[in-house]
Amino acid sequence: MGDDDARRFDVQRVYVPEEQTRLGRWLAYMRDNPLFTIGVMLLSIFLGLAVIGPYFVGDPLRTDIAAMYSPPSTEHWFGTDEYGRDIFARSVHAARLDLSIGIVIALVAMIIGSAVGVVSGYFGGRVDEMVMRLTDILLAFPGFVLALIIVAALDESILNVVIAVAAAYVPYFIRLTRAQALVEREKEYADAARLAGNGPFRTAFRHVMPNSLRPALVSATLVTGWAVLTVAGLAFLSVGIQPPRAEWGVMVGEGAGDIITGEWWTSLFPGGMIVLAVMAFHFIGDDLTGTNT
Amino acid sequence: MSLLEVRELHKSFGRGADEIPAVRGVDLELAPGETLGLVGESGCGKTTLGRMIVGLSAPTSGQILFGGEDVAGRLHEPRYRSRVQMVFQHPQSSLNPRFRVSTTLSEPARLLASESAGASSSESIRETLRLVGLGEEYLSRRSGQLSGGQQQRVAIARALMSAPDLIVLDEPTSSLDQSIRSRIISLLKDIQKSNSVSYLFISHDLSTVRRIAHRVAVMYLGRIVEISETNQLFDDPKHPYTKALLSAVPTLDPKKDTERIILEGETPNPTQLPTGCSFQDRCSLVHEACRTQSPSLANLGSSRQVECFAVQ
Amino acid sequence: MRNYLLRRIATSLLTILGIAVVVFFIVRVLPGDAAAVRAGPYANQELIDRIADKYGLNDPLHIQFFDYIGGVAQGDLGISIRTNQGVTEELLDRLPASLELAVYSVLLATAVGVSLGILAAHRQHTWTDRLARVFAVVGSAMALFWLGLLVTFFFAFRWGWFPGPVDRLAVGSEDPRTFTGFYTIDGILSGRLDITLEAFHYLALPVFTLAFVLAAPILKMVRSAMIETLESDFVRTANAIGVPQRQILFVDGFRNALIPVTTTIGIVFGFMLGGNILVEFIFSWPGIGRYAFDAITTRDLEALQGFVVFVGIMYVFLNMAIDIAYAVIDPRIRLGKGLVK
Amino acid sequence: MSLFEATGLTVGVSGSPYPILRDVDFSVEPGEILALVGESGSGKTMAALAVMGLLPHGVTKTAGEVRIDGRNLARPDGSIDRQVGQISMIFQQPVGALNPTMRVGNQVARAIQINQELDRSAALEAAIEMIGYVGIPGPERVAKSYPHQLSGGMCQRIMIAMAVSCRPRLLIADEPTTALDVTVQAQIFELIKSLVAEIGCGVVFITHDLGAVVEMADRVAVMYGGQVMEELHADRLLDGSKHPYTRYLLESIVREVDHRVEDIGVDFTLRGCRFSHRCLLAHSRCNDFPTLEWIAHDHRLSCFAHPLDRS
């Protein structure tokens with residue numbers, strides 16, 4: 001049927017869009033997901049503040065008795081506190097401290113949690129049983145309470161706050177990664193890896209682990225937000241980070257009493273910074289974890 | 001001498017009252033260069049049997065002889081590992097999504113390299129890829145960039161990398177479209193012609209099995225009930241289950257409608273098997289002996305064995 | 001079902017033992033000199049020795065451990081350094097105040113979270129849905145202590161709609177007779193409706209503060225579970241046979257979305273059991289959170305440790321209740337997989 | 001006038017210029033089984049969902065009419081008035097298609113109540129009768145079970161009971177046996193055939209299995225890339241079909257094929273016939289869209305290159 005000439009023909013296509021560039025896809029995604037975009041913008045502002053902000057504002061500890069309790073003005077954007085310290089300068093310095101603490105906590109908890117989670121999920125058996133019981137126990141404490149008692153038992157330093165809060169989130173990451181590893185190890189590629197000559201450890205770490213990390217990675221953004229909240233909450237109770245250090249929770253705590261006497265700005269602005277910063281992480285995190293579907 | 005011999009193989013999952021017998025005493029032989037089709041419905045134990053033969057699952061009891069040597073439980077040892085490989089049912093999940101094709105293929109080449117594969121591995125990777133009908137441009141792709149048929153070709157190439165004597169194919173075509181399915185079948189046949197590798201072809205799709213297998217074994221509830229040369233089995237099935245199974249398969253031939261056998265009920269729960277023949281409750285030829293004694297595979301002619309009192 | 005319950009109770013008891021062990025480890029083993037930490041930074045050696053003696057801190061660790069675990073098993077959480085009272089008694093004394101706050105907050109948060117969650121799922125991809133999601137993000141990013149200060153500032157000090165943060169009732173008001181420990185209910189039971197109203201008045205601000213934060217995770221979970229269910233095959237079947245939309249939303253959708261939602265409400269309630277330290281502090285609420293706060297400020301580690309173990313145990317029992325609720329909701333758990341042939 | 005007619009169904013994905021269903025026509029007579037057959041991406045399931053008005057989010061019908069007894073069910077806004085009780089549908093995954101937290105008896109009873117004024121207990125009684133009617137032994141006991149306690153075959157029977165309980169004019173069966181064993185498939189096929197004979201409804205039977213087509217269907221419409229390529233008597237599929245795609249599909253079953261042919265999937269961007277880039281008979285005219293034309297009184301074809309045209 002058919003001669004050779006008829007078989008060769010040029011297929012015509014309806015308009016075929018060009019392959020989008022990576023940037024193009026990114027922009028299209030941002031356009032379709034406005035909440036994610038708000039998160040990215042907020043986070044960029046806060047990261048900018050944290051990285052370069054401190055070079056542009058004054059000393060967060062400089063007191064000025066003459067200017068105590070000045071309300072917000074062009075000179076003191078966020079006003080001053082009872083020692084006449086500039087609240088804007090303090091808030092910007094606090095951004096650096098709070099964000100870096102939050103990020104370090106999330107990273108430490110994620111790294112430890114996912115390594116334990118993969119081992120536990122992939123190998124199963126006794127080890128898994130023990131790990132699960134331990135996370136059960138740790139998850140029986142609200143994260144805030146667990147962090148609180150660890151900091152209270154250790155002496156108060158920033159490092160100990162990081163350790164305490166990270167410890168409170170490790171079980172969360174263990175659970176996440178373990179659950180994914182349980183799914184991944186049943187997939188056929190894991191069996192195929194064994195047949196290709198991979199031993200148990202190579203199969204676990206070279207094949208299963210990289211494919212099990214996604215839930216932990218995307219949840220790390222949410223945990224960063226929670227960590228900032230926890231650290232600030234502890235500081236508000238004078239646990240962990242102590243006055244006069246410029247830290248959002250410390251500042252809200254110092255300003256709490258001023259509210260009764262009418263100086264609302266001493267606690268309003270640092271508290272607002274906490275909420276906006278955590279929102280940035282949550283807008284992004286909700287999107288990545290698929291809560292927006 | 002046969003390449004593979006399986007004797008009295010058993011496998012159970014769970015313990016105590018929840019024990020589920022998946023494979024209940026299977027005997028098999030497979031010659032070099034031969035394709036044995038293993039057919040049966042879901043839960044009949046065919047996949048479990050295949051996984052035991054490649055060593056992904058350890059038998060509860062029984063022997064797996066490879067070249068006369070019992071390898072049950074030792075298949076992970078390097079000297080056996082390269083000789084038996086497997087191709088899986090879902091081409092997409094059987095490839096590591098993070099790996100490029102080159103990595104997928106170089107892994108067995110590197111980890112299972114034997115003296116015979118003396119040539120440089122990158123050369124043998126290209127050659128194997130050509131053998132399964134893919135060009136070099138595929139080396140740098142990830143599995144997400146391949147179609148289902150191409151993924152399955154890569155999976156076949158991966159199984160071939162260690163120059164195995166036997167490949168267990170576990171439903172390799174059941175998740176593919178008809179036209180691609182046919183191409184994979186003829187690809188497998190061509191590979192067998194050039195490499196003289198043996199296949200254990202597991203499938204519930206009888207028409208596909210008919211096209212590739214030299215002999216076919218029919219499984220029901222963990223036992224082989226009939227094993228025979230392919231054409232003989234399809235033309236003249238003996239076991240009542242085989243007959244029903246064959247007649248249940250829709251075919252393109254419209255005249256076949258005449259003597260359809262429709263079985264009553266469904267495969268019973270393997271935890272509550274009756275005494276005697278496990279097919280008794282659905283069988284039209286059932287008689288007294290079937291309720292009390294268990295039949296075993298008996299020769300019926302030179303190239304066929306059947307496990308049924310009614311036809312022995 | 002019976003096996004399921006027995007297994008669940010066994011693991012719960014094991015977890016409680018674990019909790020006691022972990023807390024013991026954190027409080028007695030982590031700090032270098034336990035007695036010095038308890039005595040505080042300005043203590044002299046004599047005081048430290050006295051404390052070490054009183055609390056048996058000089059005994060070998062394993063003796064201390066068994067003393068402590070034995071105590072917990074008998075419901076004895078130790079003696080407060082600050083008040084010299086039994087920690088268990090003090091906590092039980094303050095528990096009703098915390099529970100009343102917790103129950104009303106969780107109820108309000110559940111009502112808001114569930115209804116907004118269903119609405120958002122039903123109107124997925126619309127602005128209603130986006131607004132609900134923004135509310136969820138604001139709620140989960142909200143710093144409790146800051147929100148507490150804000151509502152106090154506006155609703156109590158500036159506008160005077162609600163009383164300031166002093167206690168459960170106005171200064172000088174007489175406590176109602178105790179039946180349940182919930183002032184709102186005891187007021188009714190003792191025929192003093194004015195007390196009930198006053199109690200609600202004082203509950204309003206802390207409950208609002210907590211519910212604002214707690215509604216967020218409930219909303220998120222209801223929304224995503226509902227969406228998943230509404231996209232499932234069986235909802236498509238219900239659509240195909242013409243089941244009315246309302247029935248699909250509430251019978252097919254919500255009942256099947258209830259399992260993940262139950263978990264979340266459980267977690268939220270668990271968070272309430274210990275997480276209200278901040279709110280009880282801001283609103284001067286005389287509950288166990290406030291007790292924990294006082295323990296922190298006075299470095300009363302015995303009391304703090306007792307509080308943590310207490311919260312952990314309540315959480316374990318709560319989880320057990322949730323698992324039983326699962327079995328009621330989901331026949332797959334209740335009945336297991338039995339094939340009807 | 002046919003019992004059921006779908007004409008010019010065109011369905012698109014939002015944001016994409018290529019329709020995934022293009023001008024799809026098919027019709028069913030009372031008591032007739034029409035098979036929609038095709039490989040993945042052929043649009044056979046999409047066509048059914050479009051008829052039911054159950055298209056997923058982001059997929060919309062842009063043109064086409066759906067008629068029962070000549071009455072157009074397509075509303076002006078593009079949605080479909082399903083005429084509850086007129087069209088029923090059964091699905092591929094029987095276990096997942098039933099509500100896991102509801103006893104199956106109640107699910108069938110609910111379907112009955114939608115179309116009939118019955119109180120709870122009467123509906124449940126009718127449901128039990130219905131469950132027995134689809135060949136389930138011990139219907140009282142089964143009615144009290146939850147779906148997870150039943151096998152796939154039983155769940156599919158329950159689905160069928162729900163679907164036929166309202167005596168529908170049209171039953172759409174979307175690969176109803178793909179998830180089932182072949183011996184159970186034979187039972188379900190028998191059941192559907194006997195029900196059709198009894199109720200006299202029309203059936204749209206969606207499948208990828210050409211053998212099942214020959215076994216079950218009276219007529220068959222072959223789909224590829226969202227187009228109906230050919231429509232003819234199922235008995236004549238093997239020796240009477242003319243479309244190059246139909247022939248290609250049949251030959252891949254009965255004859256050895258060359259495995260070196262590249263695996264090309266459906267290409268939705270083609271301007272003309274969606275099969276043209278794989279077709280051995282394609283020529284320049286195939287860059288136009290071929291409409292489905294009658295080439296015999298019971299045979300329709302959508303191809304510029306078919307032998308009648310070329311001779």
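Letters A, B, ... are given to chains in the order of the sequence lines, protein chains preceding strands, and every chain is numbered from 1.
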Of all of C:Asp233, C:Thr237, C:Val251, which one pairs up most often with chain D through heavy atoms under 4.5 Å apart?
C:Thr237
Should we count CZ of C:Arg123 as having more than 12 external heavy atoms under 6.0 Å?
no
Hey, which residues of residues 100-111 of chain D are touching chain C, say heavy atoms under 4.5 Å apart?
D:Pro100, D:Thr101, D:Arg110, D:Ala111
Evaluate whether atom CZ of C:Phe317 has more than 12 neighbouring non-hydrogen atoms of other residues, nucleotides or ligands under 6.0 angstrom away.
no
With rounding to the nearest 0.5 angstrom, report the CD1 to CD1 distance, D:Ile90 to C:Ile241.
13.0 Å
Roughly how far apart are D:His148 NE2 and C:Asp330 CG, rounded to 0.5 Å?
7.5 Å
With rounding to the nearest 0.5 Å, note down the distance linking CE in D:Met89 to CZ in C:Arg236.
6.0 Å
Could you tell me which residues satisfy side chain to side chain contact (heavy atoms under 4.5 Å, CB included) with C:Leu107, sequence neighbours excluded, listed by chain and number?
C:Val103
Counting only heavy atoms closer than 4.5 Å, note whether C:Leu258 contacts chain D via side chain, backbone, both or neither.
neither
With a cut-off of 6.0 Å (strictly less than), are more than 12 heavy atoms of other residues, nucleotides or ligands near NE2 of D:His208?
yes
Heavy-atom count around D:Glu125 CD within 6.0 Å, excluding the residue itself: above 12?
no
